[in-house]
Protein chains: 2
Amino acid sequence: MPKRSSGDGNPHSGSARMRDVAARAGVSTMTVSRALNEPGKVSEEMRERVLRAVREIGYLPNHLAGSLSSNRSTTIGLIVPSIDNSIYTQTVKGLSEVLKSSGFQLMIAESGYDPNEEEELITVFLSHRVSGLVLHSTEHTPQAAEKIRKSGIPVVENGNIPREPLDMVVSFSNYDASYAMTMHLGRLGYRKIAFASLYSVHNDRSQDRLQGYHAALRQLGLDPDPRIVLETERGLAAGAEVMARVVQSVPEVDALFCAGDVLVVGALFECQKRGWAVPGRIALASFDDVDLLRHVSPSVTTLRLPRYDIGERTARILLSRIMDGAEHLRGSVVDLKFELIQREST
Amino acid sequence: MPKRSSGDGNPHSGSARMRDVAARAGVSTMTVSRALNEPGKVSEEMRERVLRAVREIGYLPNHLAGSLSSNRSTTIGLIVPSIDNSIYTQTVKGLSEVLKSSGFQLMIAESGYDPNEEEELITVFLSHRVSGLVLHSTEHTPQAAEKIRKSGIPVVENGNIPREPLDMVVSFSNYDASYAMTMHLGRLGYRKIAFASLYSVHNDRSQDRLQGYHAALRQLGLDPDPRIVLETERGLAAGAEVMARVVQSVPEVDALFCAGDVLVVGALFECQKRGWAVPGRIALASFDDVDLLRHVSPSVTTLRLPRYDIGERTARILLSRIMDGAEHLRGSVVDLKFELIQREST
DNA sequence: TTGTAAGCGTTATCAC
DNA sequence: GTGATAACGCTTACAA
């Protein structure tokens, strides 16, 4: 019962197998395998004979079979809350570039900010026997944590620095960044600092930013005012709406710190439309240094976050664990620093 | 020589196998396999017995083994020119959402606008035995085309509508879109229409946009002027630079069509800085309807492209081929339409 | 409806 | 340095 015969119309059905290469080269499959994966362990002559046969036949190794047999895969699973968030793209690029150079592939999925969905995706990735996992969120179901632990594969969390990491962490601290910006505003003399962030439900980044803000207020001796602490959705329209709402409900406000996405740009446009001078009437600060903020007028004070570096370091640390078995890296936390960029808006 | 014993420290080494589940449930592995994959083919009692054993043991199926054995995988390969281009994110989201609902996973890689790199990635994906391939570029090496053909897997190109598709196509026409916008500018009375695009080397989208522009000029009876046709890199700074260059070298220019990325925003800022009225001194039009263009002042005339739909349709057509064997879809071309949004800038 | 046996394409192991 | 053989964990094909 040759299975092969059944799959005539199937994908990949025509691909040559290693044994075809072996037959053509007049060697065993092991020699082919070695010539391809550990060229040093094979004589020059054999190597060339094999490689010629590979070319002639148009042989393509089957990673599935290789991974099954060797119990090693070359795939990494990445779960982000939302794929269409431009914030992550730099990190994904950093990850992708380093992984590619080591022959690893990225499997990507989005959790939609839902820990249960994340758990489901982790399960799927584990089924695919990924060699490592990268999670942007640092909030997980207990079951997810348990599955990961049980699997034994290395994990990097990289959206924030959690109190209780699953394993490794490569990130900046949302708390520290938010604290730094709020302190900066306070030192510049602003006394009534409003704070806008994205919804913090199942979003520990937002939560930490809020806490950083509050900690700085305390340090500055400023009273918190719930009327000027807002959560909203993503987008320019949301930023504009927040701006209008804050100024109208609490006219004494003299600064707005938009701790998420491009909210600040919407806010700035709203100011321009209403004729509110920035920073004269109200100062504006933001969280991520997107290109736009340097080009608008006034240019916007913001935090430069190591988005690309996070991806790059994440990949490197993961590869160390996977390829070099660097067990001493288990549980390590890399706190990449951010930079505060003072511009015209404050 | 039990392979298993060697892998004690290895990832996934502790995971239970189907045979463990079978033993626990007191059935054969085939019954476990059926209970999991074709529940209808198993009696209620068996199904429950198996599922309980699965839960108790914490069994996680091994997709690698399943795919190898069945000669079917649940992964799709996606190659984009550059991951950090926000243009693709909506398409990736569309793809991802549909694929996820069918249990497929996305493997993503970037070619860096290099066909040879793309070929390399295609090879890797084929090695991973992806069930389908999505390519943003429509320019490929002959070897890449040959490998894909030989593999027999379905492919969708979705960055443009090529003259000679590899297989299926889901896209809008860059030529048509560019033609439409240029005609629109002509009909509004603009006579000296400049054109800025991203570098067109190995970028057939840019090339087609340029051709659409030229075709429209002919149709409008306007003479092409190489001095006002420019290629540049991505980014706001590039847009600003193009704007300044065009107006200073050819003062008669009365419109600028930025056919790429966020160039137009840089151009608009430059106009504001220089005090050039838009559209009084010069009209501005763009290619992609990013959120920003609706919020700047003046708001910018642009093309609304079906980015998300492209991803969604791509996934659907691919899944039809893979799961339903819909061979009649082979070679089909889906030309998704775009929409021209007239705003204040023209 | 369930089970048996063979095989998917590769690599680990051990012998030469 | 090279090869024979037995896995890897699952599904196909067929038998019961």
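Throughout, a chain's letter reflects where its sequence line sits, starting with A, and its residues are numbered from 1.
- The phosphate of D:dC10 (OP1 or OP2) has no side-chain N or O of B:S33 nearer than 4.0 angstrom.
- Summarising the geometry, the separation between CD1 on B:I57 and C1' on D:dG9 is reported as 14 Å, rounded to the nearest angstrom.
- Distances shown here put a side-chain N or O of B:N37 below 4.0 Å from the OP1 or OP2 atom of D:dT11.
- Distance CG (B:L68) to P (D:dG9): 12 Å, rounded to an integer number of Å.
- Considering only residues two or more places apart in sequence or on other chains, A:F104 meets the ring-ring contact (aromatic ring centres under 6.0 Å, His included) condition with none of them.
- Summarising the geometry, the separation between CG on B:L36 and P on D:dT11 is reported as 8 Å, rounded to the nearest angstrom.
- Side-chain nitrogen and oxygen atoms of B:S67 include none within less than 4.0 Å of the OP1 or OP2 phosphate oxygen of C:dC8.
- Applying the salt bridge (charged side-chain N to carboxylate O under 4.0 Å, His left out) rule to A:R55 yields no partners; only residues at least two apart in sequence or on another chain are considered.
- Put simply, the side chain of A:R34 and the base of D:dG3 share a donor and an acceptor less than 3.5 Å apart.
- Ionic pairing of B:E45 and B:R49 is present here: one or more N-O contacts between side-chain nitrogen and carboxylate oxygen are shorter than 4.0 angstrom.
- Put simply, CD on A:E38 is 15 Å from P on D:dG3, counting in whole angstrom units.
- Near DNA chain C, meaning a heavy atom under 4.0 Å from it, residues 23-31 of chain B has B:V27, B:S28, B:M30, B:T31 in order of number.
- Contact check on B:E38 versus B:R47 returns no salt bridge, with no Lys/Arg side-chain nitrogen under 4.0 Å from an Asp/Glu carboxylate oxygen.
- Taking side-chain N and O atoms only, A:R129 has no distance below 4.0 Å to OP1 or OP2 of D:dC10.
- Scanning residues 99-107 of chain A for heavy-atom distances under 4.0 Å to DNA chain C yields an empty list.
- In this structure the side chain of B:V134 never reaches within 4.5 angstrom of the side chain of B:V155, judged on heavy atoms.
- At least one side-chain heavy atom of A:I310 sits under 4.5 Å from a side-chain heavy atom of A:T91.
- Judged by closest nucleotide on DNA chain C, B:R47 is the one of B:R47 and B:A65 placed further toward the 5' end.
- A straight line from NE2 of B:H128 to C1' of C:dG9 spans 15 Å, rounded to a whole angstrom.
- Listed by first then second residue, pairs satisfying salt bridge (charged side-chain N to carboxylate O under 4.0 Å, His left out) with a partner in residues 75-85 of chain B read A:K93-B:D84, B:D84-B:R234, not counting sequence neighbours.
- The interatomic distance linking B:N62 (CG) with C:dT10 (C1') rounds to 14 Å, in whole Å.
- With respect to the salt-bridge test (charged N to carboxylate O, under 4.0 angstrom), the residues B:R149 and B:D167 do not qualify.
- We find that A:R316 and A:E312 are joined by a salt bridge, their nearest charged nitrogen and carboxylate oxygen being less than 4.0 Å apart.
- Residues that satisfy the ring-ring contact (aromatic ring centres under 6.0 Å, His included) test with B:H128, not counting sequence neighbours, are A:H63.
- For D:dT11, its base never sits under 3.5 Å from the side chain of B:S70 at any donor and acceptor pair.
- Between the CG atom of A:N71 and the P atom of C:dT11 there is a distance of 13 Å, rounded to whole Å.
- One atom, NZ of B:K41, and another, C1' of D:dC14, lie 13 Å apart when rounded to the nearest Å.
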